[in-house]
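In what follows, a single structure is set out as C-alpha cells and then discussed.
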Amino acid sequence: MADGFLSPEGIFFPKEETYHAEMARRILKAGKDVLEPIQELLRLGYIAFIEFRNPLAKESLQPDLDYVLCSHGHTLTQEQERWLREHKSEISRRQQYYINKDDSYAFRDLELSDVTMYERCGQCREQAERLKWCNAERRDLPELCEKCPYITSPNS
C-alpha cells in the first residue's frame with residue numbers, strides 16, 4: 001500500500017525507513033538540522049501518504065488511521081494526477097476516501113474510486129456497517145437501504 005511521498009514530477013518514493021521524517025530527510029539530502037522535513041517536502045509540492053504499519057509489514061496495522069497530506073492550497077501536477085489514477089490499487093481505501101472527500105483543495109477535481117462516506121439520514125439500519133466500510137474496517141460494500149434520498153441504486 002502507499003506509504004511514502006509523491007513528488008511533483010510523479011515519482012513515488014516508498015518509505016523504507018522507520019519514520020517518515022527520516023525518509024523526508026533522505027529525499028531532501030538533509031541532516032538533523034532540518035527540523036520539519038515532512039513539512040519542507042509538502043512546501044515543495046510533495047504529497048505524503050501515511051500508512052500505519054511497521055517497516056517490515058505488508059499491510060496496515062490500523063488502516064482506519066491511514067491518510068494523505070499535502071500543503072494547503074496545493075494544486076496537483078499532471079504527473080501527480082496521472083500517478084494517482086494509475087496506482088489507485090496501491091492506495092489504501094482510507095487514503096482513497098480522504099482524496100475523494102476533498103472538494104475544496106488539491107484533490108477537488110479527482111475521484112479515484114467509489115470509496116465515499118454515505119449520507120447519514122438517521123433512518124438507515126445499516127449505518128454502523130456503512131461506517132465500518134467507510135473507515136476501512138470491512139472490505140465488502142454494504143447493501144443500499146433505499147431510504148436515503150441522496151443515494152440511489154445503480155439498478156434503479
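FYI, side chains are in, hydrogens and waters are out, and symmetry mates aren't considered; it's all heavy atoms of this structure.
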Once rounded to the nearest 0.5 Å, what's the spacing between atom [atom1] of [X] and atom [atom2] of [Y]?
{"X": "His74", "Y": "Phe107", "atom1": "NE2", "atom2": "CZ", "answer": "7.0 Å"}
{"X": "His72", "Y": "Leu69", "atom1": "NE2", "atom2": "CG", "answer": "12.5 Å"}
{"X": "Cys70", "Y": "Leu41", "atom1": "SG", "atom2": "CG", "answer": "13.0 Å"}
{"X": "Leu76", "Y": "Ile47", "atom1": "CG", "atom2": "CD1", "answer": "5.0 Å"}
{"X": "Lys15", "Y": "Glu22", "atom1": "NZ", "atom2": "CD", "answer": "9.0 Å"}
{"X": "Leu110", "Y": "Ile99", "atom1": "CG", "atom2": "CD1", "answer": "6.5 Å"}

Any side-chain to backbone donor/acceptor pair from [X] onto [Y]? Under 3.5 Å, distance only.
{"X": "Glu79", "Y": "Ile11", "value": "no"}
{"X": "Gln95", "Y": "Ala2", "value": "yes"}
{"X": "Glu16", "Y": "Met23", "value": "no"}
{"X": "Glu17", "Y": "Arg26", "value": "no"}
{"X": "Arg25", "Y": "Val34", "value": "yes"}

Original post:
Taking 4.0 angstrom as the limit, do Arg43 and Glu40 come out as a salt bridge?
Top reply: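 The answer is yes: the pair qualifies as a salt bridge.
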**OP:** May I ask you to say whether Glu81 pairs ionically with Arg85, meaning some side-chain N is under 4.0 Å from a carboxylate O?
**Re:**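 Looking at Arg85 together with Glu81, the answer is yes, because their closest N to O distance falls below 4.0 Å.
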**OP:** Taking all non-hydrogen atoms of both residues into account, name the closest pair between Pro37 and Leu28 and its distance.
**Re:** O-CD1, 3.7 Å
**OP:** Could you tell me which non-hydrogen atom of Ile91 sits nearest to which non-hydrogen atom of Gln96, and how far apart they are?
**Re:**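 Closest approach of Ile91 to Gln96: O-NE2, 2.9 Å.
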Original post:
With respect to Trp83, which candidate in Phe13, Tyr46, Phe12, Phe5 satisfies the ring-ring contact (aromatic ring centres under 6.0 Å, His included) definition?
Top reply: Phe12
Subject >> Heavy-atom side-chain proximity of Phe49 to Asp3 below 4.5 angstrom >> reply: no
